[in-house]
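Protein chains get the first letters and strands the later ones, always in sequence-line order, with residue 1 at the start of each.
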Protein chains: 2
Amino acid sequence: MTSLRADAARNRALLLATARQAVASGDLSLQLNEMARRAGMGVGTVYRHFPTRRALLEALAEPAFAAVLDGAQNASLHDDPWTGVEILLRALLLQQLADPAFAEVIASPATDDAIPQTTAQRDEFTALAGAVLARARQSGALRPGLTDEDLHHLVCGTAFALGLGPTPLARVEAYLRVLLDGIAGKAE
Amino acid sequence: MTSLRADAARNRALLLATARQAVASGDLSLQLNEMARRAGMGVGTVYRHFPTRRALLEALAEPAFAAVLDGAQNASLHDDPWTGVEILLRALLLQQLADPAFAEVIASPATDDAIPQTTAQRDEFTALAGAVLARARQSGALRPGLTDEDLHHLVCGTAFALGLGPTPLARVEAYLRVLLDGIAGKAE
DNA sequence: TACCTAACCGGATTGACAATCCGTTTCTCG
DNA sequence: CGAGAAACGGATTGTCAATCCGGTTAGGTA
């Protein structure tokens, strides 16, 4: 099952490219019928590769997810615990702005019907972020009383807030500063 | 137009009650066909009263909107500018948690097809909130560089973040503190 | 009360879209 | 090259939003 048939692989790639372009042009609806039309293939083909809109969404989000994992890795390697938190949260936030598909995936809870890739990435992220946050908490840089989950939610909320404005990228640093100042421990 | 015919008024009220119950039970989809079925009336009746899902949504949000206006009024009357901001933001946040319909309305931009009631409430809120925030800015209690719109978005983002967790109401104060600390001026 | 008309009601119908199913075509391996 | 597995395509079915118009009712008037 590891290797798809040649035509299947071609169609899958074409489909992903088509979907990515749709998302890039602001259409996050990812109507599978429409994707089939644009990619010039039958509806059945689309549904075989991605049984649901969500499956397609998760496949699209995969690279952004990988980028965040890189960021989390960096964060955990940095000497200063608080700087680690900054790096982690900035990476998570920036990727959500860069890729709306990723934003939707990361904001929704893990489900059993997620594709394996996504589940694995999510687990790895939880572990890495957990380490970064634990260290910061230990050092007193992080306000007590906020769980890892709280912080995850707050970053997603910040991405949502940015999305309400006309030029999210122009305001990232401002909103990020609000968040960081808000979650910092008093000892900072 | 000020006074509906008796049957029309009755149906409108019944419809609103049905929709409110649907929202309260966690169904925010507000499918107008479904509302008609549950309220025991024809689809046409529903569509005459509320031509679109959004019209119904805005009608539902009206009381919550009024409550926020009250809160904003209070905020503007309080002596301390920063306390005014706290009151304002807490009211805005709490109403979003209490009424998902209101949350959706307040998070989306003003549109021309909004019902007059909503437009009026939105305008009044903008003015009231603007006064509260201007005073706080003047006093240095508010971090510079954040517009009224930014703050509006940040509150909506916080509501969104709370909605990602299982028990929003239990974490309101924690998240609100993060937000307030984040937007406070250094002179606080 | 009896009538008239504007306002309102209801649900059959149309249109758009998601999702499935299966006969046909294409690939791959021996 | 031939057989069988895998993938393709699109007709079809089911669901839901939204419209349209013939039938019904409220409420004013004489």
Side-chain angles (χ1 to χ4, degrees), chain A residues 1-23 25-60 100-101 104-105 108 111-116, chain B residues 1-23 25-60 100-101 104-105 108 111-116:
Chain A
M1 197 260 128
T2 42
S3 74
L4 260 53
R5 232 173 65 175
D7 52 350
R10 211 182 319 121
N11 277 332
R12 187 177 196 280
L14 176 56
L15 207 41
L16 278 175
T18 304
R20 218 174 288 280
Q21 185 170 353
V23 169
S25 76
D27 176 14
L28 202 49
S29 66
L30 291 182
Q31 302 176 359
L32 299 195
N33 256 317
E34 176 64 14
M35 290 303 106
R37 201 188 54 72
R38 288 203 212 173
M41 63 188 72
V43 197
T45 305
V46 172
Y47 274 87
R48 188 166 337 94
H49 283 296
F50 305 104
T52 142
R53 170 181 178 278
R54 180 148 191 100
L56 177 53
L57 197 71
E58 291 181 1
L60 287 178
E104 190 174 332
V105 171
S108 53
T111 61
D112 298 343
D113 59 335
I115 65 180
Chain B
M1 197 256 128
T2 41
S3 73
L4 261 53
R5 224 173 70 174
D7 52 350
R10 210 181 322 118
N11 276 333
R12 187 176 196 281
L14 176 54
L15 206 40
L16 279 175
T18 304
R20 218 174 288 282
Q21 184 169 356
V23 170
S25 77
D27 176 13
L28 201 48
S29 65
L30 291 182
Q31 302 177 359
L32 298 194
N33 259 320
E34 176 65 14
M35 290 302 106
R37 200 187 56 73
R38 288 203 212 173
M41 63 188 70
V43 196
T45 305
V46 172
Y47 274 87
R48 186 165 340 92
H49 284 296
F50 306 103
T52 141
R53 170 181 178 278
R54 180 150 191 100
L56 177 54
L57 198 70
E58 290 180 3
L60 286 179
E104 190 174 331
V105 171
S108 54
T111 61
D112 299 343
D113 59 334
I115 64 181

**Contact pattern, 5' to 3', of nucleotides 3-15 of chain D - B, S or - by protein heavy atom under 4.0 Å** = --BBSBBB-----
Tell me the closest heavy-atom pair linking [X] and [Y], and the distance in Å.
{"X": "B/Leu14", "Y": "B/Ala39", "answer": "CD2-O, 3.5 Å"}
{"X": "A/Ala36", "Y": "A/Gly42", "answer": "CB-O, 3.9 Å"}
{"X": "A/Ala59", "Y": "A/Ile115", "answer": "N-CD1, 3.9 Å"}
{"X": "A/Ala22", "Y": "A/Met35", "answer": "CB-CE, 3.8 Å"}
{"X": "A/Arg53", "Y": "A/Leu28", "answer": "NH2-O, 2.9 Å"}
{"X": "A/Arg38", "Y": "A/Asp27", "answer": "NH2-OD2, 3.6 Å"}

**Asked** With nearest nucleotides of DNA chain D determined for B/Ala6 and B/Leu30 from heavy-atom distances, which residue corresponds to the more 5′ nucleotide?
**Response** B/Leu30
**Prompt:** Do the non-hydrogen side-chain atoms of A/Asp7 and A/Arg10 ever get within less than 4.5 Å of each other?
**Reply:** yes
**Prompt:** Does the side chain of B/Leu32 come within less than 4.5 Å of B/Thr52's, by heavy atoms?
**Reply:** no
Distance check needed: [N] [atom2] versus [X] [atom1], whole Å only.
{"X": "B/Asn33", "N": "C/dC17", "atom1": "CG", "atom2": "C1'", "value": "15 Å"}
{"X": "A/Arg37", "N": "C/dC17", "atom1": "CZ", "atom2": "C1'", "value": "13 Å"}
{"X": "B/Tyr47", "N": "D/dC16", "atom1": "OH", "atom2": "P", "value": "12 Å"}
{"X": "B/Met35", "N": "C/dC9", "atom1": "CE", "atom2": "P", "value": "18 Å"}
{"X": "B/Phe50", "N": "D/dA17", "atom1": "CZ", "atom2": "C1'", "value": "17 Å"}
{"X": "B/Gln31", "N": "C/dC17", "atom1": "CD", "atom2": "C1'", "value": "14 Å"}
{"X": "A/Arg38", "N": "C/dC17", "atom1": "CZ", "atom2": "P", "value": "12 Å"}
{"X": "B/Arg10", "N": "C/dA7", "atom1": "CZ", "atom2": "P", "value": "18 Å"}

**Prompt:** Under 3.5 Å, is there a donor-acceptor pair between the B/Thr111 and B/Asp113 side chains?
**Reply:** yes
**Request:** Mind checking which stems touch DNA chain D? I mean at least 3 consecutive Watson-Crick or G-U pairs, both distances under 3.5 Å.
**Result:** C:1-30 with D:1-30
